[in-house]
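Worksheet: the structure to be examined is printed underneath.
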Amino acid sequence: MEDTSDSALDSSRVIWTGCHKKFCLFWSPDMDDIVKAAMLKWPDVPDCYGWLALDARGQWRMRDEACQRTGGAGDIIRNPALQAFIGRNYQSDEAGNWYFQNGPQRVFVELEVCPWICSLTPEGIRLHTGAALTSISAVLIDEQQRFYLTGENKLCLLDDRDTELLINCIQAESPENALEVLDIWLENPAGGSLHVRLPGQRNTLPVQFAKTTEMQAQFPYIRKPAP
């Protein structure tokens, strides 16, 4: 079946089959134990590349053959149970390739930016997998003025829809002055200090400038895994 429409990806069960270049996705909310059993029963299932992606807003995207040919982003997977299942079985290998363990098969994930996306909630920091990021060590901003949080050995891009919320967390005379304080700091990051207090955090954290190449060297990952 080759229906990649949102309605297909929203259904309670999705099956992809076909030639060896495709993969079969069969899931249910209680599939995690089946994943472990399938890995033992079928240890030699070929790996899959190009069919699954993680965008800069933490959305899983299914990429069919047309998307792969044209470089399209793919269809957003909208079903909450399927999102959670992928998130629970999301991990990396020793080389820094990230993948979803789909039963006995590794479905490698193309990363728009980096392996983790986070958002700000009133209770604290939430990863795109649904897990909480409770220990935060640094707040970084790159050359494109994108914010990242680091902690628990993770580099997490902040969902751009939460940028304003983070700016409002900057320590300033008033929230109205936070953007002005950030703009002044961005003109000369080495010449002053900038601090934020994030939701759910007791202590303030300094904001540091870092190039994306530097972050990738510190937290190695491969954006486009290949065989």
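- One side chain, Glu152 or Thr134, offers a donor N or O that lies under 3.5 Å from an acceptor on the other.
- Checking side-chain atoms of Gln83 against main-chain N and O of Trp60 turns up no donor-acceptor pair under 3.5 Å.
- Within the 4.5 Å cutoff, the side chain of Cys169 has no heavy atoms near those of the Arg197 side chain.
- Residues passing the salt bridge (Lys or Arg N to Asp or Glu O under 4.0 Å) test with Arg146, sequence neighbours excluded: Asp142.
- Annotation: the span from Arg106 atom CZ to Asn102 atom CG amounts to 13.0 Å, rounded to 0.5 Å.
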side-chain contact (heavy atoms from CB on, under 4.5 Å) between Ile141 and Leu194, worked out: CA-CA 11 Å; Ile141 187 169; Leu194 187 69; over 6 Å; no

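- Rounded to the nearest 0.5 angstrom, Ser119 OG and Leu157 CG are separated by 11.0 Å.
- Within the 4.5 Å cutoff, the side chain of Glu65 has no heavy atoms near those of the Cys67 side chain.
- When every heavy atom of Tyr148 is checked against every heavy atom of Met215, the shortest pair comes out as CE1-CE, 3.4 Å.
- The line from CG of Leu166 to CG of Asp162 is 8.5 Å long, rounded to the nearest 0.5 Å.
- By the side-chain hydrogen bond (donor to acceptor under 3.5 Å, both in side chains) test, Asp55 is found to be paired with Gln59, Arg61, residues two or more places apart in sequence or in another chain being considered.
- Counting non-hydrogen atoms of neighbouring residues, nucleotides and ligands closer than 6.0 angstrom, the CG atom of Asn153 reaches no more than 12 such neighbours.
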Atom pairs and distances, side-chain donor-acceptor, residues 108-117, under 3.5 Å, sequence neighbours left out:
residue : atom : partner : partner atom : Å
Glu112  : OE1  : Ala56   : N            : 2.8

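- Taking every heavy atom of both residues into account, Cys118 and Ile125 meet most closely at CB-CG2, 3.9 Å.
- Under the salt bridge (Lys or Arg N to Asp or Glu O under 4.0 Å) criterion, Arg161 pairs with Asp159, not counting sequence neighbours.
- No side-chain N or O of Thr204 forms a donor-acceptor pair with one of Gln171 less than 3.5 Å apart.
- The aromatic rings of Tyr90 and Trp98 are tilted relative to each other, their planes meeting at an angle between 30° and 60°.
- Side-chain contact check for Cys156 versus Leu127: some heavy-atom pair is nearer than 4.5 Å.
- Note that the CG atom of Leu120 and the CG atom of Leu133 stand 10.5 Å from one another [nearest 0.5 Å].
- Evaluation of the salt bridge (Lys or Arg N to Asp or Glu O under 4.0 Å) rule for Asp160 yields Arg57 as partners, not counting sequence neighbours.
- Contact detail for Pro225 and Tyr49: the closest heavy-atom pair is O-CD2, 3.6 Å.
- Of all heavy-atom pairs spanning Ala95 and Ile222, the tightest one is O-CD1, 3.5 Å.
- Side-chain contact between Leu198 and Leu205: present, with at least one pair of heavy atoms (C-beta onward) separated by less than 4.5 Å.
- A single hydrophobic cluster is seen to contain both Trp185 and Phe147, as judged by linkage of ILVMFWY side chains at heavy-atom distances under 4.5 Å, directly or through other members.
- Side chains of Ile170 and His195 form no contact here, defined as non-hydrogen atoms less than 4.5 Å apart.
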Evaluation steps, side-chain contact (heavy atoms from CB on, under 4.5 Å), between Gln101 and Tyr99: CA-CA 6 Å; Gln101 189 68 51; Tyr99 63 91; 3.3 Å; yes

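- Under a cut-off of 6.0 angstrom, the local environment of CD in Glu164 is sparse, with at most 12 non-hydrogen atoms contributed by other residues, nucleotides or ligands.
- Pairs engaging residues 121-140 under the salt bridge (Lys or Arg N to Asp or Glu O under 4.0 Å) rule: none recorded [sequence neighbours left out].
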